[in-house]
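Below: one structure, written as structure tokens.
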Amino acid sequence: MTDAAAASQPPEESGFHAFRQAEDLVGRRRPLDALKALQPLLESEADKPSVHLLAGRAYFHSAQLRRAEAAFTRVLELDPTDHYARFILGRTLQRLGRFVEALAQMRMASAMNPVPEYLEAISEVKAHIALREP
């Protein structure tokens, strides 16, 4: 779809298109392009957890970890029960070297949804913490 065609759509359809485009771009490992597509939604849909979650994923994949942390924290302000947002916030904190905080988020995510990926991440973070302790 061209920019002119997107501009002629009703706002909700244009927003849906921008979200789907950004989702596709994140999936194809083009996070910076995804963030460009999401920018209008971040301004107009500031109360939508899905928009912030997708932005957080794009920030995470482009190593903008402080922005990723802020986006995932916003998701959790809007929906504290989002286990995936807790998990990926934990991964972000892990990459920032904040292992104790990461572990807390990952444990909460795992308590909400005990999938193997979450449990493995907890073990990984616990190992980092153990290596750092005297």
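In this text the structure is predicted, and so the values were computed from the model without any measurement.
- With contacts defined as side-chain heavy-atom distances shorter than 4.5 Å, the pair Leu42/His52 qualifies.
- Gln105 and Glu101 share no side-chain donor-acceptor pair at under 3.5 Å.
- The pair Arg28-Asp24 counts as a salt bridge, with a side-chain nitrogen and a carboxylate oxygen less than 4.0 angstrom apart.
- Between Val75 and Pro49, the closest heavy-atom pair is CG2-O, 3.5 Å.
- In terms of heavy atoms, Leu35 sits closest to Gln64 at CD1-NE2, 3.7 Å.
- When each of Val26, Leu54, Asp33 is checked for a side-chain contact (heavy atoms from CB on, under 4.5 Å) with Leu38, only Leu54 meets the rule.
- The side chain to side chain donor-acceptor pair (under 3.5 Å) with Tyr118 is formed by just one residue from the set Arg107, His83, Arg86; it is His83.
- Atoms CD1 and CZ, on Ile88 and Arg95 in that order, are 8.5 Å from each other to the nearest 0.5 Å.
- The pair Glu69-Arg98 meets the salt-bridge criterion, since a charged nitrogen lies less than 4.0 angstrom from a carboxylate oxygen.
- The shortest distance between side-chain heavy atoms of Glu77 and Thr73 falls below 4.5 Å.
- Contact record, Ala68 with Gly56: CB-O, 3.7 Å, taken as the closest heavy-atom pair.
- Checked against ring pair (Phe, Tyr, Trp, His ring centres under 6.0 Å), His61 has no partners two or more places apart in sequence or in another chain.
- Between Tyr84 and Leu53 there is a side-chain heavy-atom pair separated by less than 4.5 Å.
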Legend entry - Verdict with supporting geometry, Lys126 and Ile129, side-chain contact (heavy atoms from CB on, under 4.5 Å): CA-CA 5 Å; Lys126 286 168 97 174; Ile129 292 171; 5.6 Å; no
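- Between Leu76 and Asp82, the closest heavy-atom pair is CD2-O, 3.6 Å.
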